Amino acid sequence: MTQYKNLIAGEWVAGASEADNINPSDTNDIIGRASHASAAQVSDAIAAARAALPKWNAGTSQLRSDLLAAIANELFARKEELGELLAREEGKTRAEAIGEVGRAANIFRFFSSEVVRIRGEKLASVRPGIDVEITRDPVGVVGIITPWNFPIAIPAWKIAPALAFGNTVVFKPSELTPGTAHALAEVIHRAGVPAGVFNLVLGTGAVVGDALLSGVDAITFTGSVKTGNQIVRRATERMIRVQAEMGGKNPLVVLDDANLDVAVGCALDGSFFQTGQRCTASSRLVVTEGIHDRFVDALATRLAQINIGPALKAGTQVGPVVDRRQLEQDLRYIDIGSSEGASVRVKGELLKRETPGHYLSPTLFTDTTNQMRINREEVFGPVAAVIRVKDYDEALAVANDTSFGLSAGICTTSQKYARHFQQHAEAGLTMLNLATAGLDYHVPFGGRKGSSYGPREQGTYAIDFYTIVKTSYLSV
Ligand SMILES: NC(=O)C1=CN([C@@H]2O[C@H](COP(=O)(O)OP(=O)(O)OC[C@H]3O[C@@H](n4cnc5c(N)ncnc54)[C@H](OP(=O)(O)O)[C@@H]3O)[C@@H](O)[C@H]2O)C=CC1
Ligand SMILES: O=C(O)CCC(=O)C(=O)O
């Protein structure tokens with residue numbers, strides 16, 4: 001049985017307790033055992049990261065660039081093998097998982113180049129004989145807390161810029177995906193990242209996440225709104241830098257003039273692929289009257305054809321729900337939608353497959369209002385609700401009537417509405433004739449309102465979170 005240990009100060013160490021890593025496609029398949037760190041071990045990891053900081057920061061940018069490139073190269077070379085591990089423990093399909101490992105590799109490669117592009121500014125002072133230089137220092141020890149739904153891409157887009165800009169790291173992955181996190185830590189360690197610069201601590205949010213918050217200089221988090229809000233409050237009490245990417249209740253607006261095939265394709269992908277377990281998933285389908293019935297019929301037909309099965313089986317388009325707790329949440333919301341008076345056009349059913357797993361078919365609600373709980377709260381499963389609207393103006397108002405603001409999509413052939421939506425959707429991302437989910441690795445990512453707190457992640461914008469600006473006055 002594979003054992004996943006913690007990486008603290010360059011050593012692989014056993015923790016205080018253990019937990020099974022269970023395959024959601026086959027709950028009899030125990031993939032490995034994770035050794036959960038104690039709170040004291042988390043403090044050791046923070047101390048190791050702090051001790052390693054001065055030397056890492058003073059090292060050359062070439063060294064940091066070479067190390068990040070070496071990590072990228074190994075991820076590219078092993079993307080099939082690591083993708084299979086990821087699919088086995090998280091439940092997304094083999095193709096999705098391999099694609100995610102490739103995405104992580106590209107992120108490390110991107111930041112290996114960013115290291116040598118860190119620039120400052122030099123200005124003349126308003127006073128004579130003085131120059132002003134603006135440079136960037138690392139923030140210090142960065143705590144990284146990640147969810148299970150992108151178990152290598154999200155860690156990559158936090159770890160790579162943290163290391164690139166001279167910080168040291170203590171990384172706490174989701175307890176549901178320790179295998180991928182451990183494999184990534186091995187790659188980082190093997191690349192030659194010095195002891196203490198990168199530390200892995202496995203375990204639950206209640207123990208490990210909590211201990212992490214008390215010692216680091218900055219914390220970056222992705223996950224639920226509830227946990228994100230707690231973390232932001234804790235971090236601001238300590239006056240440390242914090243970045244939280246949380247949920248979404250993302251609208252996909254479909255206008256009468258949309259290309260029907262495109263719109264149905266966007267809904268299918270954005271709402272149901274990856275089992276709906278994406279913060280960018282389009283769980284609200286806001287559809288104008290003239291296309292409503294045709295759209296719903298065509299989407300229901302496509303939903304009936306989706307192949308749901310074990311993540312690693314050839315031909316599977318949608319894998320299982322990640323675990324029993326998430327499955328129970330999905331089923332609870334399906335009941336809530338029905339009890340709120342929504343019509344159930346396609347009813348989600350528990351499915352039996354060749355192995356015992358958390359298989360759930362899609363649910364499509366119609367005749368819903370934007371005030372229903374299924375349209376206000378994040379479900380995080382293969383569940384979407386159609387909201388019928390009169391015209392574009394009502395569609396935009398409904399799209400924006402939410403406490404979230406991560407992604408917003410529109411399907412239309414009208415340039416006028418497309419442009420207006422891009423300008424007026426209250427979201428961090430807008431998508432035209434594209435699914436609300438699915439991101440590039442080199443551009444900023446983040447939301448508005450309750451979806452995000454703090455500066456943007458990814459691309460050249462990541463530097464704003466991972467560095468502190470210094471203004472130096474020089475008498476010349
Ligand atoms: N926006 C997004 O990308 C995501 C949203 N979600 C939403 O969150 C719901 C629950 O999923 P879940 O994975 O439990 O999400 P959480 O927000 O609870 O977990 C995200 C990460 O935070 C950790 N964590 C939990 N509690 C604390 C704490 N008190 N202090 C520090 N860290 C903590 C978790 O640890 P651990 O789980 O190991 O205990 C995990 O590593 C989903 O149903 C979905 O609605 C989930 C995943 C991603
Ligand atoms: O849509 C994507 O590709 C990324 C979504 C994401 O970051 C998330 O669900 O946490």
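Atoms within a ligand are numbered from 1 in the order they appear, just like the ligands themselves. A quick note: this is a predicted structure, and the numbers were derived from the prediction, not measured.
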| A437 heavy atoms, cut-off 4.0 Å: which ligand 2 atoms fall inside? | 1 (O)
| field | Electrostatic pair D29:R88 at N-O distance under 4.0 angstrom | value | yes
| message | Tell me the protein heavy atom at minimum distance from atom 1 (O) of ligand 2, and give that distance in Å. | response | T280 OG1, 2.6 Å
| How far is atom 26 (N) of ligand 1 from its nearest protein heavy atom, and which residue and atom is that? | T227 CG2, 3.4 Å
| message | Under 4.0 Å from atom 19 (O) of ligand 1, can you find at least one protein heavy atom? | response | no
| task | List every atom of ligand 1 that sits less than 4.0 Å from any heavy atom of P147, numbering the atoms from 1 in the order shown and giving each element. | result | 47 (C), 48 (C)
| note | atom 23 (C) of ligand 1 sits nearest the protein heavy atom I145 CG2, 3.6 Å
| task | List every atom of ligand 1 that sits less than 4.0 Å from any heavy atom of Q230, numbering the atoms from 1 in the order shown and giving each element. | result | 29 (N)
| task | Please step through side-chain contact (heavy atoms from CB on, under 4.5 Å) for the pair F198 and T168, ending with a clear verdict. | result | CA-CA 6 Å; F198 171 81; T168 56; over 6 Å; no
| said: Donor-acceptor check, side chain of N375 to backbone of T369, threshold 3.5 angstrom: yes or no? | reply: yes
| task | Under 4.0 Å from a heavy atom of L439: give me the atoms of ligand 2 that qualify, with their elements. | result | 1 (O), 2 (C), 3 (O), 4 (C)
| query | Among G205, P173, S452, which one has a heavy atom closest to atom 33 (C) of ligand 1? | reply | G205
| field | Close approach, F150 and ligand 1, non-hydrogen under 4.0 angstrom | value | no
| query | Looking at ligand 2, does any of its N/O atoms fall within less than 3.5 Å of an N/O of N149? | reply | yes
| Looking at the rings of W157 and Y461, which for Trp means the six-membered one, are their centres under 6.0 Å apart? | no
| field | V169 side chain near V197 side chain, heavy-atom distance below 4.5 Å | value | no
| Closest approach of any protein heavy atom to atom 40 (C) of ligand 1, naming residue and atom | T146 O, 3.4 Å
| request: Please work out whether any backbone atom (N, CA, C, O) or any side-chain heavy atom from C-beta onward of R103 is under 4.0 Å from ligand 2, and answer side chain, backbone, both or neither. | output: side chain
| task | Specify the protein heavy atom at minimum distance from atom 7 (O) of ligand 2: its residue, its atom name, and the distance to 0.1 Å. | result | W157 CH2, 3.3 Å
| remark: ligand 2 atoms nearer than 4.0 angstrom to some heavy atom of R278 are 9 (O)
| Tell me: protein heavy atom nearest atom 4 (C) of ligand 1, and distance? | F380 CZ, 3.4 Å
| Salt-bridge contact R190-E74 (side-chain N to carboxylate O under 4.0 Å) | yes
| Nearest non-hydrogen atom to atom 15 (O) of ligand 1 belongs to which of S224, P178, G228? | S224
| said: I'd like to know if E81 and R78 make a salt bridge, using a cut-off of under 4.0 Å between side-chain N and carboxylate O. | reply: yes
| task | May I ask you to list the atoms of ligand 1 that are less than 4.0 angstrom from any heavy atom of C279? | result | 1 (N), 2 (C), 3 (O)
| Going by heavy atoms in the side chains, are I219 and L212 under 4.5 Å from each other? | yes
| Thinking salt bridges, do K158 and E457 make one under a 4.0 Å N-O criterion? | yes
| Can an N or O of E175 be found at a distance shorter than 3.5 Å from an N or O of ligand 1? | yes
| query | Around F273, counting heavy atoms of other residues, nucleotides and ligands shown, do more than 12 lie under 6.0 Å from its CZ? | reply | yes
| Which of the ligand 2 atoms, numbered from 1, are nearer than 4.0 Å to a heavy atom of F445 | 7 (O)
| message | Is there a polar contact, in the sense of an N or O pair closer than 3.5 Å, between G223 and ligand 1? | response | yes
| With the threshold set at 4.0 Å, does a side-chain nitrogen-carboxylate oxygen contact exist between D269 and R278? | yes
| message | Could you identify the single nearest non-hydrogen protein atom to atom 9 (O) of ligand 2 and state the distance to 0.1 Å? | response | C279 N, 2.6 Å
| E237 and R233 ion-paired at < 4.0 Å | no
| If we only count N/O pairs under 3.5 Å, is F380 in contact with ligand 2? | no
| query | Taking C-beta and beyond as the side chain, do F171 and I145 meet within less than 4.5 Å on heavy atoms? | reply | no
| said: Show me which atoms of ligand 1 lie under 4.0 Å from any heavy atom of N149. | reply: 3 (O), 48 (C)
| Numbering as shown, the atoms of ligand 1 that approach F221 to under 4.0 Å (heavy-atom distance) | 17 (O), 20 (C), 21 (C), 22 (O)
| field | Sidechain N-carboxylate O distance under 4.0 Å for K249, D401 | value | no
| task | Would you kindly specify which portion of Q329 sits under 4.0 Å from ligand 1, judged on non-hydrogen atoms: side chain, backbone, both or neither? | result | side chain
| Can you tell me if CZ on R419 sees more than 12 non-hydrogen neighbours from other groups inside 6.0 Å? | no
| query | Does a salt bridge link R50 with D217, judged by any charged N lying under 4.0 Å from a carboxylate O? | reply | yes
| Should we count CE of M239 as having more than 12 external heavy atoms under 6.0 Å? | no
| said: With a cutoff of 4.0 Å, is G203 in contact with ligand 1, counting heavy atoms of the residue only? | reply: yes
| Within-shell test, R325 vs ligand 1, heavy atom, strictly < 4.0 Å | yes
| field | Closest approach of any protein heavy atom to atom 35 (O) of ligand 1, naming residue and atom | value | K172 NZ, 3.1 Å
| request: For the pair E80 and R94, find out whether any cationic side-chain nitrogen is under 4.0 Å from an anionic carboxylate oxygen. | output: yes
| query | Of the protein's non-hydrogen atoms, which lies at the shortest distance from atom 13 (O) of ligand 1, and what is that distance? | reply | W148 NE1, 2.8 Å
| remark: Numbered in order shown, the ligand 2 atoms found under 4.0 Å of a heavy atom of I154 are 10 (O)
| said: Which residue and atom name correspond to the protein heavy atom nearest atom 42 (C) of ligand 1, and how close is it? | reply: Q326 OE1, 3.3 Å
| query | Counting both backbone and side chain atoms, is some N or O of T222 under 3.5 Å from an N or O of ligand 1? | reply | no
| field | Pairing of R33 and E18 as salt bridge, 4.0 angstrom limit | value | yes
| query | ligand 1 and T204, any nitrogen or oxygen pair closer than 3.5 angstrom? | reply | no
| said: So if I count the atoms of ligand 1 from 1 in the order they appear, which ones are less than 4.0 Å from some heavy atom of S174? | reply: 38 (O), 41 (O)
| message | What protein heavy atom lies closest to atom 45 (O) of ligand 1? Include the residue and the distance to one decimal. | response | E378 OE1, 3.3 Å
| request: Please say whether L176 places an N or O atom under 3.5 Å from an N or O atom belonging to ligand 1. | output: no
| task | Taking the six-membered ring for Trp and the full ring for Phe, Tyr or His, determine whether the centres of W12 and H182 are under 6.0 Å apart. | result | yes
| field | Donor-acceptor contact present, side-chain N6 to main-chain L202, <3.5 Å | value | yes
